[in-house]
Amino acid sequence: MSYQEAYNYATSNPKDFWKEQADRLPWFKKPADIVDTSEQPTGRWFSDGEMNTCYMALDHHVANGRADQVAIHYDSPVSNTKSSLTYAQLLEKVALFAGALRAKGVDTGDRVVIYMPMVMEAAVAMLACSRLGAIHSVVFGGFAAAELAVRIDDAKPKVVVTSSCGIEVAKVIPYKPLLDAALDLATHKVDAVVLLQRPQLAADMQAGRDFDWNDVVAEAVPAEAVPVKSSDPLYVLYTSGTTGKPKGVVRDNGGHAVALNYTMKAIYGMDAGDVFWAASDVGWVVGHSYIVYGPLIAGCTSILYEGKPVMTPDAGAFWRMIEEYKVKAIFSAPTAFRAIKKEDPNGELLKKYDLSSLVTVFMAGERLDPPTYEWAKEIIGRPVVDHWWQTETGWSICANPVGLDDLPAKPGSSTVPIPGYDLHILSDDGQPLQANEKGNIALKLPMPPGFLLGVWGDPQRLHDSYLADFPGYYTSGDGGYRDEDGYVYIMGRTDDVINIAGHRLSTGEMEEVVGDHPLVAECAVVGIHDELKGQMPLALVLLKAGAESTDDVLVKELAAMLRAKIGPIAVMKNAHIVQRLPKTRSGKILRKIIRNIANGEDYIVPSTIDDPASLDEIAELIAPKS
Ligand code: COA
Ligand code: AMP
């Protein structure tokens, strides 16, 4: 079926389209009810089906000829370690760890927070939770204790699974003190902490609460896969929204499995037995979908890489991995390729490796800027696919679906909507826009399988955050346009979310931290363009009456505060003290215009502006100097 045929089929007859996809998976009880929109307009998929995600990812393959195929390669240049687990070996480890979690009281529906670096045990812990029908919530290792505490208080886990340390290039990052601090800050009390001691650093254990991974596994009885309903939650993954409180995106089991299995072939062109490498982190949605669940459900070999694109040891790291594991498709973020380009602009290191296994390069997390696209295509000599997606959707909304068709690529475009997504460009007042007109990217309801079930603990937030702006549509929060051929161009967020080096963060949350500085009366934080990291935050700060500081002093203090409260990934290098902030007469800070000025973009001064001269003052400070 061509892309166009598949797209038309999924749009005109979603039930049959997705039923066919569901039929490819091993359900315990096949669903008869394909999509139900009675309870929520986004849709609940396969709600009467029964299954287990871990069973689909492991047991099914072990029983059907893949027992000895490698399920996951672990490659850690930072710890000088490599290992590989076959499907049979991974299943054995997962079943035992599931038994260990059960022995600590974890049952179907209970939450488990996983705060781990990129080690094999992170994937084992995730799969073990899904085996029990428990709900995992993985927290990215680059978040600080306060962020971890917020997530613990929201998810209310019975158990936290962690590790003694992470390793960032050559730095050993102690995780346990961060977790201890988070558990002190949180009001929720956990029953147990299960900790993997790594040889690089031994963690202190609290008797009665903390248990060694190896000890709990040694005593465990392997657990069988527990049947769950398709729409029972598989995981909660917190993501930054416009406010300081992260949103707990809840993902179901059945819709998620069906969608991921479909995308492995349709988008990525992968067949069972192929090697797929998502060079991301299990703490992000890309890691959930394409390091752990997608490749395993599809019977592929996946790779868990504890390293960077550069520095571990050099900018040839990605090429070494592709050669060593015979990677067919790699998926990473444009920022990673920009980092490689900076170190090795002519691809000299790449020439040392055999990339003959590689068929396609996929990038996401931020817009793939045309210069990086052209560079990567040229030096790698393979099709490079920009594809657009979000934690909320769990898989890509737009892509060049190489498993379906051979569509020509256009630099700067993430190509076309994938079957299942009915994409529209709407004006701010909800009117459809014409080709090449920029607007809000909205998706007509219902959403395809795998879309978020809701926001954990806050059912109303699904409606308020995503469905209220344009009735009948999901508001993506991204802006862009379609050209005359229907190609989609994503131009950036229309809200207060920014992406720093592929890490999604909230400027609203940063404003809360900046606002806590003792000298700061008021502030605005916006995302500005950055050559390497895509975006970086810029703070404009109004000091309290009588307070004195300088930009240089303030930016260091603010950077330290952001690091301590949000985490090291919230890097800040730009802050300016201003005399006034541009505002409307009703007092709303004109953040979008500040962003436009800082990025050298056109803007219209609203008639509601209180003091037009305030724009000149900030333009002097932040407009790009040509
Ligand atoms: N645990 C602890 N600390 C972490 C961390 C983690 N999991 N991840 C990042 N950090 C720290 C880094 O060590 C660094 O700390 P430092 O300021 O003390 O040096 C800080 O957070 C910023 O890290 P990062 O944003 O990764 O920047 P970098 O300059 O170290 O590396 C890149 C730049 C481009 C190489 C790197 O960001 C990268 O590989 N990005 C790709 C991201 C990605 O794949 N995203 C998923 C989307 S598909
Ligand atoms: P996350 O939820 O962390 O995956 O971040 C999702 C956000 O990242 C999207 O809303 C976009 O703003 C941005 N994003 C992801 N992929 C792309 C892409 N291919 N092009 C442009 N922006 C992207």
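Every number for a ligand or one of its atoms is a count from 1 in the order of the listing. In what follows, residues are counted from 1 in the order of the sequence shown. Keep in mind it's a predicted model, so treat the numbers as computed, not measured.
A cation-pi contact, defined as under 6.0 Å to the ring centre and within 45° of the axis, is absent between Arg151 and Tyr115.
Across the listed options Ala501, Cys165, Gly365, Gly142, Ala501 owns the non-hydrogen atom lying nearest to atom 42 (C) of ligand 1. Proximity annotation for atom 44 (O) of ligand 1: of Gly502, Ala336, Ala279, Ala279 comes nearest, heavy atoms only. In this structure, of Ile490, Thr393, Thr391, the residue bringing a heavy atom nearest to atom 4 (O) of ligand 2 is Thr391.
Close approach of ligand 2 to Glu366 (heavy-atom distance below 4.0 Å) involves ligand atoms 14 (N), 15 (C), 16 (N), 17 (C), 18 (C), 19 (N), 20 (N), 21 (C), 22 (N), 23 (C). Of all atoms in ligand 1, numbered sequentially from 1 with element shown, those under 4.0 Å from a heavy atom of Val286 are 48 (S). Of all atoms in ligand 1, listed by their number and element, those nearer than 4.0 Å to a heavy atom of Lys171 are 13 (O), 15 (O), 16 (P), 18 (O), 19 (O). Listed by number with element, the atoms of ligand 2 under 4.0 Å from a non-hydrogen atom of Arg493 are 9 (C), 10 (O), 12 (O). Proximity to His503 (heavy-atom distance under 4.0 Å) selects the following atoms of ligand 1: 24 (P), 25 (O), 26 (O). The atoms of ligand 1 that sit less than 4.0 Å from any heavy atom of Gly141 are 1 (N), 2 (C), 6 (C), 7 (N). Distances below 4.0 Å separate heavy atoms of Lys308 from the following atoms of ligand 1: 26 (O), 30 (O). Residue Ile569 approaches ligand 1 through these ligand atoms, each under 4.0 Å from one of its heavy atoms: 9 (C), 21 (O). Close contacts of ligand 1 with Pro309, meaning ligand atoms under 4.0 Å from a residue heavy atom, involve 35 (C), 39 (O).
The closest approach between a heavy atom of Gly477 and any atom of ligand 2 is not below 4.0 Å. Note on ligand 1: Tyr175 sits in its first shell, one or more heavy atoms being nearer than 4.0 Å. The shortest heavy-atom distance from Arg338 to ligand 1 is not under 4.0 Å. At a 4.0 Å cut-off, not a single heavy atom of Met311 sits close enough to ligand 1 to count as contact.
Panel note: side chain Ser465, backbone Arg461; a donor-acceptor pair is recorded below 3.5 Å. Side-chain atoms of Arg251 never come within 3.5 Å of backbone atoms of His256 as a donor-acceptor pair (strictly under, hydrogens ignored).
Scanning all protein heavy atoms for the shortest distance to atom 13 (O) of ligand 1 gives Glu168 OE1, 2.9 Å. Regarding atom 13 (C) of ligand 2, its nearest protein heavy-atom neighbour is Gly365 O, 3.5 Å. Protein heavy atom nearest atom 5 (O) of ligand 2, with residue, atom name and distance: Arg504 CD, 3.4 Å. Of all protein heavy atoms, the one closest to atom 14 (C) of ligand 1 is Pro568 CB, 4.5 Å. Closest to atom 12 (O) of ligand 2 among all protein heavy atoms lies Asp478 OD1, 2.6 Å.
For atom 9 (C) of ligand 1, a protein heavy-atom neighbour is found at a distance under 4.0 Å.
Side-chain rings of His387 and Tyr268 approach one another, their centers coming within less than 6.0 Å.
Counted by atom type alone, Tyr373 and Asp386 present zero donor-acceptor pairs between their side chains at under 3.5 Å.
Here His387 has backbone heavy atoms under 4.0 Å from ligand 2, and that is the only part of it that gets that close. When non-hydrogen atoms are compared, ligand 2 lies under 4.0 Å from the backbone of Trp389 (N, CA, C, O) but not from its side chain. With a 4.0 Å cut-off on non-hydrogen atoms, Lys533 touches ligand 1 through its side chain and not its backbone. Contacts between Arg563 and ligand 1 below 4.0 angstrom, taking non-hydrogen atoms only, involve the side chain exclusively. Contacts with ligand 2 closer than 4.0 Å are made by side-chain heavy atoms of Asn499 only, the backbone lying farther away.
Between Tyr473 and His424, the two ring planes are perpendicular [angle over 60°; tilted spans 30° to 60°].
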**Asked** Going through the checks in order, is the ring pair (Phe, Tyr, Trp, His ring centres under 6.0 Å) test met by Tyr325 and Trp277?
**Response** CA-CA 9 Å; Tyr325 299 105; Trp277 178 30; 8.2 Å; no
**Asked** Please walk me through it: do Lys565 and Glu512 pass salt bridge (Lys or Arg N to Asp or Glu O under 4.0 Å)?
**Response** CA-CA 10 Å; Lys565 293 205 177 150; Glu512 286 180 18; over 6 Å; no
**Asked** Which is it for Lys438 and Glu601 under the salt bridge (Lys or Arg N to Asp or Glu O under 4.0 Å) test, yes or no, and what are the steps along the way?
**Response** CA-CA 14 Å; Lys438 282 186 199 155; Glu601 297 159 352; over 6 Å; no
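Checked by distance only, ligand 2 and Leu368 stay at 3.5 Å or farther apart across all their nitrogen or oxygen atoms. Between Thr335 and ligand 1, a contact under 3.5 Å exists for no N or O pair. Of the polar atoms of Glu392, none of the N or O atoms is found under 3.5 Å from an N or O of ligand 2, judged by distance alone.
Side chains of Ile340 and Trp375 form a contact here, defined as non-hydrogen atoms less than 4.5 Å apart. Side-chain contact between Lys573 and Asp530 is absent, with no heavy atoms from C-beta onward closer than 4.5 Å.
In terms of heavy-atom proximity, Tyr7 sits nearest to Ile418 at CE1-O, 3.7 Å.
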